[in-house]
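Here the structure comes first, spelled out in structure tokens, and everything after it is commentary.
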Amino acid sequence: MVLGCGALNVDHLFAADALVTNGESFCRPVGRQSGGSAANTIYALAKLGLPSRFTGAVGADEDGRLQLESLASVGVDISAVAAKSGCDTGFILGFVDKQGHRALYACPGANQTVSLEDLQRGLAPSVGWVHCSSFAGDEPFFVQRRFAGALPAGVRLSFAPGALYALRGIQELRPFLNRCEIIFLAQPELETLTGETEPLQGAKVLLSENVGTVAITLGAEGSVVATPSTHHYQPAVGRMVIDTTGAGDAFAAGFIYGYFRGWALEDAHRFAAVAASFAIETWGARDGLPSLAQARERYELAHNRPFPLP
């Protein structure tokens, strides 16, 4: 079973004519959907058929119910999610332009109240993998860092630091990195974290920190995955871009799914690109995510090869 750990937010999305600084732009609301990076990845994994659960916090409010119902609708075990009375569920204001570029503003709400006990409630003997993404604010960051550093020895960890944690630097993230089987970053996040503009050079920095595999998304240019012994480039699976929100989370789900199933690195990487291609075709992070049958069909069409087994 895979356990997700990170902020639980509801995304309020707006289509904008342009993203501006110190200016004005027309926008229109396009939806209110459940989100949160690790939560999106866990949702995707559950929809692909992998046993999954989540640990974190929501408010005892309408947005909290929306988030929990969304996760439960695909079979995610939500029994370890704390509903905090007197708190609002975290939310994101997301603005997406006509090219699919986005600007996100986080209001953390109940995520700021998460405790070590809240997170550890999600651990169970059946959990063999934990996937962490970021929280906003110092206190939940330090709580999650203690949680990751104290995971049982047999539990594998993947980590999507995002822009917020990348800004903290390698020293602050070292307890995550030292336990990390796979780290997922977009190219700008890698540059922020390592100071390296070239993806493979940035990957080398993280591999020297005991990270097992570094997976870097490059937007429309595809993605690259590096280990201490090899690297693999994968072009993006070409689809019309509506909204890139959640594309990296879907990529992580595809890669984790393949790794969890024992696939070769190249096959897991190809499947990650396929999963991401579904996410960009619709508004929001979850509505377009595929079932295993849908992902398998696109994998075989896109890569002209049989779907990996098992």
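No hydrogens, no waters, no symmetry mates; every other heavy atom, side chains included, goes into these values.
Criterion: ILVMFWY side-chain heavy atoms under 4.5 Å apart, direct or through other members. Under it, Phe147 and Ile78 are not part of a common hydrophobic cluster. Tyr43 and Phe255 fall within a single hydrophobic cluster, where Ile, Leu, Val, Met, Phe, Trp and Tyr are joined by side-chain heavy atoms under 4.5 Å apart, directly or via other members. The hydrophobic cluster containing Tyr105 also contains Phe91, counting ILVMFWY residues as joined when their side-chain heavy atoms lie under 4.5 angstrom apart, directly or transitively.
In this structure, Asp11 contributes its side chain and Arg32 its backbone to no donor-acceptor pair below 3.5 Å. With hydrogens and angles disregarded, no donor-acceptor distance shorter than 3.5 Å links the side chain of Ser70 to the backbone of Gln67. Looking only at distances, a side-chain donor or acceptor of Arg53 sits under 3.5 Å from a matching main-chain atom of Gly122. Side chain of Lys98 to backbone of Ala16: no donor-acceptor contact under 3.5 angstrom is found.
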Mind running side-chain hydrogen bond (donor to acceptor under 3.5 Å, both in side chains) on Ser115 and Asp118 for me, showing each step along the way? CA-CA 5 Å; Ser115 68; Asp118 289 333; 3.1 Å; yes
Given Glu300 and Arg305, is the salt bridge (charged side-chain N to carboxylate O under 4.0 Å, His left out) satisfied, shown in steps? CA-CA 5 Å; Glu300 292 179 343; Arg305 62 177 60 229; over 6 Å; no
Derivation of the side-chain hydrogen bond (donor to acceptor under 3.5 Å, both in side chains) call for Tyr259 and Thr213: CA-CA 11 Å; Tyr259 235 65; Thr213 300; 3.0 Å; yes
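Qualifying side-chain hydrogen bond (donor to acceptor under 3.5 Å, both in side chains) partners for Asp61, counting only residues two or more places apart in sequence or in other chains: Thr89. Not counting sequence neighbours, the partners of Phe307 by the ring pair (Phe, Tyr, Trp, His ring centres under 6.0 Å) test are Trp263, Phe271, Tyr299.
Ser223 and His269 form a side-chain donor-acceptor contact under 3.5 Å, judged by distance and modelled atom types alone. Side-chain atoms of Tyr233 and Glu221 form no donor-acceptor pair, as typed in the model, at a separation below 3.5 Å. At a cut-off of 3.5 Å, with distance as the only test, no side-chain donor of Ser25 or Asp17 sits close to an acceptor on the other residue.
Within the structure, every pair that satisfies the side chain to side chain donor-acceptor pair (under 3.5 Å) test and touches residues 145-159, not counting sequence neighbours, is listed here: Trp129-Ser158, His131-Ser158, Arg156-Glu181.
If you take CG on Leu206 and CD on Gln201, they are separated by 12.0 Å, rounding to the nearest 0.5 Å.
Under the 6.0 Å cut-off for aromatic ring centres, Phe159 and Phe176 qualify, their centroids lying closer than that.
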